[in-house]
K.L.:
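Handing you this structure, nothing more for now.
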Amino acid sequence: MSEPLLTKFLKKAFPHRFLIAKLTKTPIFGGIIDHMLFDGDNMIYLPKDRVIQMNKPVESLGEMVLPSQVVEHFIEAANYHWIMDWCICRSSAKCKDYPIDLGCLFLGQATLKIDPRIGHRATKEEALQHVRRCREAGLVHLIGRNKLDAVWLNVAPGNKLLTICNCCPCCCLWRVLPHLAPHIETKITRLPGVKVTVNDRCVGCGTCTQGICFVDAIRVVDNRGVRSDKCRGCGRCVDVCPQKAIEISIENDQFMREAVERISSVVDVS
């Protein structure tokens, strides 16, 4: 089957996404773009499971609730599952570092209206397998309500479409976030209770600043890594630090409940 015209248009427009993001900071265009593409958005970046500090003895790790279980909760709760056959961002950016065939996962009744040329209906088991493959490939989950997806997919209602984006540095929201107006940018946050710290092993090598953080939230100051409040807690800097000097932990034992309640308040996947 041929590729939908809208998908072709999005690929052509992809290189201009930074300009569109910067326009959100202007008084008139900012309000229009916010209403058209971001109204009602509420999204959370989930840290990679493998970089989280457990703060429990080894024998208790099997009882730990991990960030990925937020995604799995909604997959189990959803009646409708749709897998994109490719990632439109990685395809548009001609990504060479991460699999292009691992696209977004969409949940909810609105998925019934998605063009069958860009993906396929999936069972719960297939959806769970898909997100596991994404994590194994080093991708980061972004989950929540994203009006932009409802618009380009041409589906409704928006509160019946849950997006689970599997992000790499090529992904659209990943890269444009620093360029968005603050009132839009703050709709995309870290997981409740996530804390990122730089310990005394830091030697100021700068590895974490070399295109790793998508919001430029970590810099080297006086030979030591310093992070800002812009950090979304994805954990990529933890992965790449050669000194193991960056640590990420979840200090809120109720993060799972809070994340589920927050997302469920804006999206119904039943």
K.L.:
List the steps and the verdict of side chain to side chain contact (heavy atoms under 4.5 Å, CB included) for Val196 and Glu247.
P.N.:
CA-CA 6 Å; Val196 181; Glu247 301 172 344; over 6 Å; no

K.L.:
Taking the side chain as every heavy atom from C-beta outward, state whether Val240 and Gln210 have any atom pair closer than 4.5 Å.
P.N.:
no

K.L.:
So which atom in Gly206 and which in Val220 form the shortest heavy-atom distance, rounded to 0.1 Å?
P.N.:
CA-CG2, 3.8 Å

K.L.:
So Phe74 and Val260, side chain to side chain contact (heavy atoms under 4.5 Å, CB included) or not? Walk me through it.
P.N.:
CA-CA 8 Å; Phe74 284 100; Val260 168; 4.1 Å; yes

K.L.:
Can you see which heavy atom on Asn42 is nearest to which on Arg262, and at what distance?
P.N.:
OD1-NE, 2.6 Å

K.L.:
Nearest 0.5 angstrom please: His73 NE2 to Arg257 CZ, how far?
P.N.:
12.5 Å

K.L.:
Within the structure provided, determine whether Pro242 and Val203 are in side-chain contact (heavy-atom separation under 4.5 Å).
P.N.:
no

K.L.:
Is the number of heavy atoms from other residues, nucleotides or ligands under 6.0 Å of Phe18 CZ greater than 12?
P.N.:
yes

K.L.:
Can you establish whether the number of heavy atoms outside His183 located under 6.0 Å from its atom NE2 is more than 12?
P.N.:
yes

K.L.:
Measure the shortest side-chain to side-chain distance between His130 and Ile75 over non-hydrogen atoms and say whether it is less than 4.5 angstrom.
P.N.:
no

K.L.:
For the NZ atom on Lys230, are there more than 12 heavy atoms of other groups (residues, nucleotides or ligands in this structure) within a distance under 6.0 Å?
P.N.:
no

K.L.:
Indicate if Ile20 and Leu148 have the same hydrophobic cluster label, given that clusters are the connected sets of ILVMFWY residues with side-chain heavy-atom separations under 4.5 angstrom.
P.N.:
yes

K.L.:
How many angstroms lie between atom CG of Leu37 and atom NZ of Lys147, to the nearest 0.5 angstrom?
P.N.:
7.5 Å

K.L.:
Let me know which of Asp34, Asp39, Asp41 forms a salt bridge (charged side-chain N to carboxylate O under 4.0 Å, His left out) with Lys187.
P.N.:
Asp34

K.L.:
For the residue pair Cys168 and Leu139, what are the closest heavy atoms and their distance?
P.N.:
CB-CD2, 3.7 Å

K.L.:
How about Glu185 and Leu177: do any of their side-chain heavy atoms sit closer than 4.5 Å?
P.N.:
yes

K.L.:
So how far is it from Met43 CE to Cys165 SG, rounded to the nearest 0.5 Å?
P.N.:
7.0 Å

K.L.:
Please work out whether the ring planes of Tyr45 and Phe214 are parallel, tilted or perpendicular, with thresholds of 30° and 60°.
P.N.:
tilted

K.L.:
Is Met256 reachable from Val131 through a run of hydrophobic residues whose side-chain heavy atoms are each under 4.5 Å from the next?
P.N.:
yes

K.L.:
Within the 4.5 Å heavy-atom criterion, are Arg224 and Asp200 side-chain neighbours or not?
P.N.:
yes

K.L.:
To the nearest 0.5 Å, what is the distance between OG (Ser68) and CG (Leu46)?
P.N.:
8.5 Å

K.L.:
Quick one: pull up CG in Asp149 and CZ in Phe106 and give me the separation to the nearest 0.5 Å.
P.N.:
4.0 Å

K.L.:
Closest heavy-atom contact between Ile248 and Pro47?
P.N.:
CD1-CB, 3.9 Å

K.L.:
How would you list all residue pairs meeting salt bridge (charged side-chain N to carboxylate O under 4.0 Å, His left out) that involve residues 78-105, not counting sequence neighbours?
P.N.:
Asp101-Arg133

K.L.:
Kindly indicate, with the supporting measurements, whether the criterion side chain to side chain contact (heavy atoms under 4.5 Å, CB included) is fulfilled by Glu72 and Leu128.
P.N.:
CA-CA 7 Å; Glu72 292 170 357; Leu128 289 168; 3.7 Å; yes

K.L.:
Count the heavy atoms of every other residue, nucleotide or ligand shown that sit under 6.0 Å from CD of Glu261, and state whether that count exceeds 12.
P.N.:
yes

K.L.:
Would you please say whether a donor-acceptor pair under 3.5 Å links the side chains of Ser92 and Arg17?
P.N.:
no

K.L.:
Out of curiosity, does Leu112 fall in the hydrophobic cluster containing Leu107 (side-chain heavy atoms, cut-off under 4.5 Å, transitive links)?
P.N.:
no

K.L.:
Can you confirm whether more than 12 heavy atoms, excluding those of Lys124, are under 6.0 Å from its NZ atom?
P.N.:
yes

K.L.:
Going by the side chain to side chain contact (heavy atoms under 4.5 Å, CB included) test, name the single residue among Cys171, Cys170, Cys89 that passes it with Cys95.
P.N.:
Cys170

K.L.:
Would a 4.5 Å heavy-atom cut-off, applied to side chains only, mark His141 and Arg135 as touching?
P.N.:
yes

K.L.:
Is the shortest heavy-atom distance from the side chain of Met84 to the side chain of Ile118 under 4.5 Å?
P.N.:
yes

K.L.:
Evaluate the side chain to side chain contact (heavy atoms under 4.5 Å, CB included) criterion for residues Asn159 and Arg145: first the C-alpha distance (whole Å), next the side-chain angles of each, then the deciding distance (0.1 Å), finally the verdict.
P.N.:
CA-CA 7 Å; Asn159 67 342; Arg145 179 175 176 177; 3.8 Å; yes

K.L.:
If only atom types and distance count, is the side chain of Arg227 paired as donor or acceptor with the main-chain N or O of Val198 below 3.5 Å?
P.N.:
no

K.L.:
When hydrophobic residues are tied together by side-chain contacts of less than 4.5 Å, even through go-betweens, does Ile263 share a cluster with Ile164?
P.N.:
yes

K.L.:
Minimum heavy-atom separation for Arg190 to Val194, with atom names?
P.N.:
NH1-O, 3.2 Å

K.L.:
Going by heavy atoms in the side chains, are Leu161 and Leu153 under 4.5 Å from each other?
P.N.:
yes

K.L.:
I'd like to know if the side chain of Lys113 reaches the main chain of Asn154, judged simply by a donor and an acceptor atom lying under 3.5 Å from each other, with no hydrogens or angles considered.
P.N.:
no

K.L.:
At what distance, to the nearest 0.5 angstrom, does CG of Asp239 lie from NZ of Lys244?
P.N.:
7.5 Å

K.L.:
Between Cys104 and Asn166, which heavy-atom pair has the shortest distance, and what is it?
P.N.:
CA-ND2, 4.1 Å

K.L.:
Is there a path of hydrophobic side-chain contacts, each under 4.5 Å between heavy atoms, that joins Val70 and Leu162?
P.N.:
yes

